[in-house]
Amino acid sequence: MPPRLFVGVDVGSLSTDLVLLNDQGKVLSEIIIATGVNGAEAAEIAFDEALSETELTRGDISAVTATGYGRASVAFATGKTTEISCHGVGAHQLFPNTGTVIDIGGQDSKVIQIDARGRMLDFTMNDKCAAGTGRFLEVMADRLELDLGELSNPLNLEGETAPISSTCTVFAESEVISLLAKHTPREQIVNGLQRSIVNRIWSMVTSIGVQGEVTLTGGVANNKGLVLLLEAQLGRPVNVPDNPQIVGALGAAHIALKGYSQG
Amino acid sequence: MMNIPNRKEYLQQQSQSGQQIMGVLPALYPREMLWAFDILPAEIWDPPGDILHANAHLQATICPVVKRSLEFILKEPDIINAGYLFPHTCDSLQNLATQVKDLIGVPVPVYSFYNPKGEFNRTTRQYYTDILGDFQTILEQQHGSLDRKKLSTACKLGHKIDSRRLELQNARMTDRLPLSNSEYFQLIRAGEYLQPEDYLKLLDAISIPDEPIPNDKARIMVSGILPPHPDMLEYFDDLHLSLVADDLLAGSRRIPRIKLDPPQDPMEYLTERFFLLPPCSTKAGSLDERFRYLNKRIGNSQAQGVLFNIVKFCEPELFDHHLMVKALKDTGIPVLSMDTELQGGLSGQDKTRIEALGELLRDRMVS
């Protein structure tokens, strides 16, 4: 009997991520594509890419869990779960001692407490504002004429930092414009932006507390400077997955697997 | 199926038929006394539509209840013909009373009703009886002498309404109420503008079965000033979340905690009734008492989690909120706090939070 196969698809505001698992939890395919204007279509494209890569057909898939803000629009999903639960499960799969997940996604950020089985205990999420998210960094990268990779250069913790006081993306952009007009070096502005995001995350962390190991998920976890700064702020190391963007989809795939196993 | 009249159409019809209507701001006021003067109190703090006029008179950090009330006062002056009543709920509403009366100016009287605050004892009871008397005197200047028989009849009607609402509330806590989340709050909010006889008919039309209605819904309690937006209530229904109890100023905080004896002396009855209302942030009472009350309701309704529906910039509630959340979390109750603007639908982030709370509660049910 061929192994049962499971898919998790995370339709986020910036990227659509898909993970294909076998019934042993082994990852067979990971796809990341830009969501664009149509999340449903992006999910279809990601699904087809994964099937093509593994030479499978849709009929080979036993269950699909959709997550992310576009979760309701995924026509081929057999179930849907919030990205909050999925990031908890995904982080638990990668780092089983995780007690706290910090997910910094494209348009929102979350802090999630999970138990020893990866189940959510508590969570907090940013409110109707893109500050402290991937979109915040994208806007600032544009304004500084840097690509996202350059914006993630490891932070010089001892170096000078331009203060970015605002935690609103629009106001922060105005502050960056003022700093550029004063010929503030871009490295100092980048330091200030990273610090601004960490401060934003820190306020969420303090509202629900930290327990166990901390795992950072979402695309912003690729920002090395920000990770260093977050570790300094938390006073403890932070687990960063090899592919932090895929953690929500990984969790969704495991939820599909578990749901199928439990009937 | 409930047949609840549309608020604006109902009030327009009442006004056209010569009914005196007083526009009332939230939340605690002696409605029975107004009924006895043949005045229909109609709450005006949540009119639909954009805020176009009120912002010119208010700072940006004022809560939407104040903004929407003023928008109504500026935009719909014809419906209200007997004045506006501002209970002393918070400083923002009291300041609005001053603005409306002294700065903006309206062609009808503006009344205040200064509810007692803080610890309740014999002095505050006497104070409440006194302000009831003062309010009666002020109304008599406009509407003639109070007919004591009418006040007695109004109190009996109010007593029946309270008793019925208490029954419905208890039925909701024990899964015997055949109404969705949205329908329940539509019914409760109809009391904000219907004639008491009409409202009582509506309440009496709901039949309560003796046995619980079986369901596998996760159970939530909601706390705050105002009920969740109708979109949110429908979303709860979609997600199979049941709002089994509330601690809302627009809801259960207006229903006496226990069934009172039928009224004998109207003034004594109204005083007794006020002091039997649940603890409320706008009464600046003891936080411990409010926490005990909340815990008791959680226990009675077997709510698994609490959703705080916080009106933006609501000072009285925000003072309590942080401490209440901490105290509940310390007892292991999951809590979700959400900001509300009164109007406008649910954002994707709002939906995700509510859904995540549902997932958390269901996980606990399974385990």
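So you know, we letter chains A, B, ... as the sequences are listed, proteins then strands, and number each from 1.
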Please say whether more than 12 non-hydrogen atoms of neighbouring residues, nucleotides or ligands are located less than 6.0 Å from [atom1] in [X].
X: A/Phe76; atom1: CZ; result: yes
X: A/Gln211; atom1: CD; result: yes
X: B/Lys75; atom1: NZ; result: yes
X: A/Lys258; atom1: NZ; result: no

Contacting region of A/Thr81 [heavy-atom separation from chain B under 4.5 Å]: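 It is both, since atoms from each part get that close.
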Spacing of [atom1] belonging to [X] relative to [atom2] belonging to [Y], to within rounding of 0.5 Å:
X: A/Arg119; Y: B/Glu359; atom1: CZ; atom2: CD; answer: 13.0 Å
X: B/Gln349; Y: A/Ser13; atom1: CD; atom2: OG; answer: 9.5 Å
X: A/Met125; Y: B/Ser337; atom1: CE; atom2: OG; answer: 14.0 Å
X: A/Ile112; Y: B/Leu360; atom1: CD1; atom2: CG; answer: 11.0 Å
X: A/Thr124; Y: B/Arg353; atom1: OG1; atom2: CZ; answer: 7.0 Å

Residue-level interface, residues 49-72 of chain B with chain A, non-hydrogen cut-off under 4.5 Å: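 None at all.
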Modelled atom types, side-chain donor and acceptor of A/Thr82 and B/Glu355, under 3.5 Å: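 No.
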When A/Gly88, A/Ala72, A/Ser85, A/Ser207 are compared by non-hydrogen pairs under 4.5 Å with chain B, the top option: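 Heavy-atom pairs under 4.5 Å are most numerous for A/Ser85.
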Heavy-atom side-chain contact between B/Thr352 and A/Arg71 under 4.5 Å: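 Yes - at least one pair of side-chain heavy atoms lies under 4.5 Å apart.
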Chain A contact via B/Lys326 - which portion, at a heavy-atom distance below 4.5 Å: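 No part of it gets close to chain A.
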Nearest atoms (heavy-atom pairs only) where A/Phe123 meets B/Leu336: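 Of all heavy-atom pairs spanning A/Phe123 and B/Leu336, the closest is CZ-CD1, 3.9 Å.
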